[in-house]
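Before any comments, here is the structure.
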Amino acid sequence: MRATHGIFAALSAGLSLSSAAACSKQGLLLVSSYPFESSPGEIVKGGVTTLKLGNKGLEQVGEISTICGTNPSWQTLVGGDQYYCINENFDDGPGAFTSAKVNTDGTLAFVGNSSTPGGPVHIALFGENGERAITSNFASSSVDVFNIEDPAKLQSLDNKPFPPRPDNETITSRPHQAVVDPTGGFVVIPDLSVDVLHILSIDQTALSLTELPAHPFGNGTGPRHAAFLKSGDKTFLYVIAEKKVSILGFEVSYGTNSLTLSEKFNIRTDGSENAPAEGSSGAEITISPDNKFLTVSTRNETTLEYTTVADGTKIPSDALNTFSIDPVTGELTHVQSAPAGGSFPRHFSFNKDGSLVAVACGGENRVNVFERDVGTGMIGKAVGERVLTTQVNHVIFKE
């Protein structure tokens, strides 16, 4: 179980805050969280919390849900109300893959579930109509494929284990994500500890996976997450390296049943030439809905400052770093380093039109929503914030 005593435990343990900032946008957010040690020996169970964004900022809807278990770490929403989540359950045996329906008020109604190998941390869907799901099982060095055509009967079809690093078998595989390419014919899986990008082809008829030669990184890179971009007749792939705190850019080439990567650049997550802060790490990477900007989050740098909406307190903040994307070359140009609203922003996401960004800052158990200028990519003022009693790790909009 991942139970964390956060940096601002006193604030998080018994106080939930919502901003009073007016917001013209309204909608729901779904927030997953790990357990949290509110005081020595006192553990608050994790789960999924629904928040409502409106003129009063962020307000909690109902109680925290444990439909996904008490260690959920990733959520996927399909078609507005079909919801999938995973229970990481890192230290306590098998994980779980759950389907649910999102009610109109944002609460969750259980539909079905299935067990997974230990430590799933990500869900990806593939198939023409999203008939299959892949769970990346961090703790058990594998990925699982599920048939999800009937969300009430999630069926495990295949498990693909990954070996330790060849030059040091004490370093076990830690797959952290699965990303389907724009053709729908391949999936890449960043392996955080073995320092490779596993590449698998997708049989479009059988909806099965076949492993291809992996793309290697230098030892100690720590590829965590990745994002594809189809731009004209070119395809690019961007990878955030957790350990090196960098962004690697690649041009993608296709052959007969093959996907190969040609590295174009390797830059710091803030676009600078400075060495990363000791103990810092790369976290999330996301391309804006209009495909014009790329944003990444870093953890444990806290080089910026955030002024809370609730009472004007100034707190250290990690950054959301935004880059514009050259549509021809795929090169990145740094646009902005904006406060994430606290520390350890493990995850963030955009709403459908890209005018809002929601951030899960695990250091303070804080969820923040910021305005975003779609034209410039610049992240602006906070329009909602809320501190939960559990360690937030993932946040998505339900629109």
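- The environment of Lys398 atom NZ is dense: over 12 non-hydrogen atoms of other residues, nucleotides or ligands sit within 6.0 angstrom.
- Taking the centre of each ring, His215 and Phe250 come in below the 6.0 Å mark.
- Taking a 6.0 Å sphere around CD of Glu305, one finds it holds more than 12 heavy atoms contributed by other residues, nucleotides or ligands.
- Taking CG of Leu248 as the reference point, atom CD of Glu263 lies at 5.0 Å (rounded to 0.5 Å).
- Rounded to the nearest 0.5 Å, atoms CD1 (Ile189) and CZ (Arg174) are 15.5 Å apart.
- For the pair Pro151 and Glu149, the tightest heavy-atom approach, listed with the atom from each and the gap, is CD-O, 3.5 Å.
- When the side chains of ILVMFWY residues are joined at heavy-atom separations under 4.5 Å, either directly or via intervening members, Phe228 and Leu197 end up in a single hydrophobic cluster.
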**Request:** Take Asp144 and Thr116, measure what side-chain hydrogen bond (donor to acceptor under 3.5 Å, both in side chains) needs, and give me the verdict at the end.
**Result:** CA-CA 7 Å; Asp144 261 32; Thr116 73; over 6 Å; no
**Prompt:** Going through the distances and angles, do Tyr306 and Glu364 end up as a side-chain hydrogen bond (donor to acceptor under 3.5 Å, both in side chains)?
**Reply:** CA-CA 12 Å; Tyr306 171 69; Glu364 299 80 22; over 6 Å; no
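- Asp353 contributes a side-chain N or O that, together with a main-chain N or O of Ser355, makes up a donor-acceptor pair within less than 3.5 Å.
- Judged purely by atom type and a 3.5 angstrom limit, Ser142 has no side-chain atom pairing as donor or acceptor with the backbone of Asn137.
- A distance-only check finds no donor-acceptor pair linking the side chain of Glu371 to the backbone of Gly380 [under 3.5 Å].
- Considering every non-hydrogen atom in both Asn113 and Leu154, the closest pair reads CA-CD1, 3.9 Å.
- Using modelled atom types, no side-chain atom of Asn71 and backbone atom of Asn87 make a donor-acceptor pair closer than 3.5 Å.
- Hydrophobic clustering of Ile, Leu, Val, Met, Phe, Trp and Tyr side chains at less than 4.5 Å, counting indirect connections, keeps Val296 apart from Phe348.
- Legend: residues meeting side-chain contact (heavy atoms from CB on, under 4.5 Å) with Ser231, ordered by chain and number and at least two apart, are Leu229, Phe236, Pro327.
- Follow the hydrophobic side-chain contacts under 4.5 Å out from Ile123 and you never reach Val180; the two are in separate clusters.
- In this structure, the side chains of Glu42 and Glu37 stay at 4.5 Å or more apart for every pair of heavy atoms.
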**Check against side-chain hydrogen bond (donor to acceptor under 3.5 Å, both in side chains), Asp191 and His198** = CA-CA 7 Å; Asp191 195 315; His198 300 288; 2.8 Å; yes
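- The shortest non-hydrogen separation linking Gly185 to Asp181 is N-OD1, 3.1 Å.
- With hydrogens and angles disregarded, no donor-acceptor distance shorter than 3.5 Å links the side chain of Asp318 to the backbone of Thr303.
- Proximity of Tyr238 to Ile285: side-chain heavy atoms (C-beta onward) are separated by under 4.5 Å at one or more points.
- Environment of NZ in Lys244: sparse, with no more than 12 heavy atoms of neighbouring residues, nucleotides or ligands closer than 6.0 Å.
- Thr308 contributes a side-chain N or O that, together with a main-chain N or O of Thr313, makes up a donor-acceptor pair within less than 3.5 Å.
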**Request:** Check step by step if salt bridge (charged side-chain N to carboxylate O under 4.0 Å, His left out) holds for Arg224 and Glu284.
**Result:** CA-CA 8 Å; Arg224 178 182 174 89; Glu284 189 57 272; over 6 Å; no
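- Residues Thr376 and Val335 have side chains not in contact (no heavy-atom distance under 4.5 Å, counting atoms from C-beta outward).
- Side-chain atoms of Pro120 and Phe97, non-hydrogen and from C-beta on, never get closer than 4.5 Å to each other.
- Counting only distance, with no hydrogens or angles, the side chain of Lys234 and the backbone of Gly330 share no donor-acceptor pair below 3.5 Å.
- Here the side chains of Tyr83 and Ser99 are not in contact, with every heavy-atom distance at 4.5 Å or above.
- When all heavy atoms of Leu320 and Val357 are compared, the pair lying nearest together is CD1-CG2, 4.5 Å.
- Residues Ile325 and Phe265 share a single hydrophobic cluster, defined by chaining ILVMFWY side chains whose heavy atoms lie under 4.5 Å apart.
- Side-chain contact between Phe126 and Glu131 is absent, with no heavy atoms from C-beta onward closer than 4.5 Å.
- With values rounded to the nearest 0.5 angstrom, Thr286 atom OG1 is found 9.0 Å from Ile240 atom CD1.
- For the atom pair CD1 of Ile315 and SG of Cys361, the computed distance is 7.5 Å after rounding to the nearest 0.5 Å.
- Residues Ile247 and Phe323 have side chains in contact (heavy-atom distance under 4.5 Å, counting atoms from C-beta outward).
- Between the side chain of Arg366 and the main chain of Val387, no donor-acceptor pair closer than 3.5 Å is present.
- For Arg132 and Phe146, the positive end is not near the middle of the six-membered ring at less than 6.0 Å and at most 45° from its axis.
- A donor-acceptor pair under 3.5 Å is absent between the side-chain atoms of Asp373 and the main chain of Met378, judged by distance alone.
- Closest approach of Gly184 and Ile202 over heavy atoms only: O-CD1, 3.5 Å.
- When all heavy atoms of Gln75 and Ile396 are compared, the pair lying nearest together is CB-CD1, 3.8 Å.
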**Request:** Carefully, step by step, assess Thr298 and Ser280 under the rule side-chain hydrogen bond (donor to acceptor under 3.5 Å, both in side chains).
**Result:** CA-CA 7 Å; Thr298 55; Ser280 63; over 6 Å; no
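- For the atom pair CG (Leu30) and SG (Cys85), the distance works out to 10.0 Å, reported to the nearest 0.5 Å.
- Close placement of the His225 and His176 rings is indicated, their centers lying within 6.0 Å of each other.
- Ser193 places a side-chain N or O within donor-acceptor distance of the main-chain N or O of Thr172, the cut-off being under 3.5 Å.
- When each of Val252, Leu212, Leu237 is tested with Leu259 by the rule side chain to side chain contact (heavy atoms under 4.5 Å, CB included), just one qualifies, namely Val252.
- Within 6.0 Å of atom NZ in Lys230, more than 12 heavy atoms from other residues, nucleotides or ligands are found, so the atom counts as buried in its surroundings.
- A salt bridge links Arg299 with Glu242: the closest approach of a Lys/Arg side-chain nitrogen to an acidic carboxylate oxygen falls below 4.0 angstrom.
- Counting non-hydrogen atoms of other residues, nucleotides and ligands closer than 6.0 Å to NZ of Lys264 gives a total above 12.
- Applying the salt bridge (Lys or Arg N to Asp or Glu O under 4.0 Å) test to every pair with at least one member in residues 94-107, sequence neighbours left out, gives these pairs: Asp81-Lys101.
- Separation of atoms CZ (Phe162) and OG (Ser141) is listed at 9.5 Å; rounding is to 0.5 Å.
- Side-chain contact between Leu108 and Asn103 is absent, with no heavy-atom pair separated by less than 4.5 Å.
- Judged purely by distance below 3.5 Å, without hydrogens or angles, the side chains of Asn393 and Ser73 never pair a donor atom with an acceptor atom.
- Taking hydrophobic clusters as Ile, Leu, Val, Met, Phe, Trp and Tyr residues chained together by side-chain heavy-atom distances below 4.5 Å, Phe186 does not share a cluster with Ile134.
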**salt bridge (charged side-chain N to carboxylate O under 4.0 Å, His left out) between Arg268 and Glu301, intermediate numbers included** = CA-CA 13 Å; Arg268 278 272 286 116; Glu301 284 192 318; 3.4 Å; yes
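- Between Trp74 and His122, the ring planes lie tilted relative to each other; the angle falls in the 30° to 60° range.
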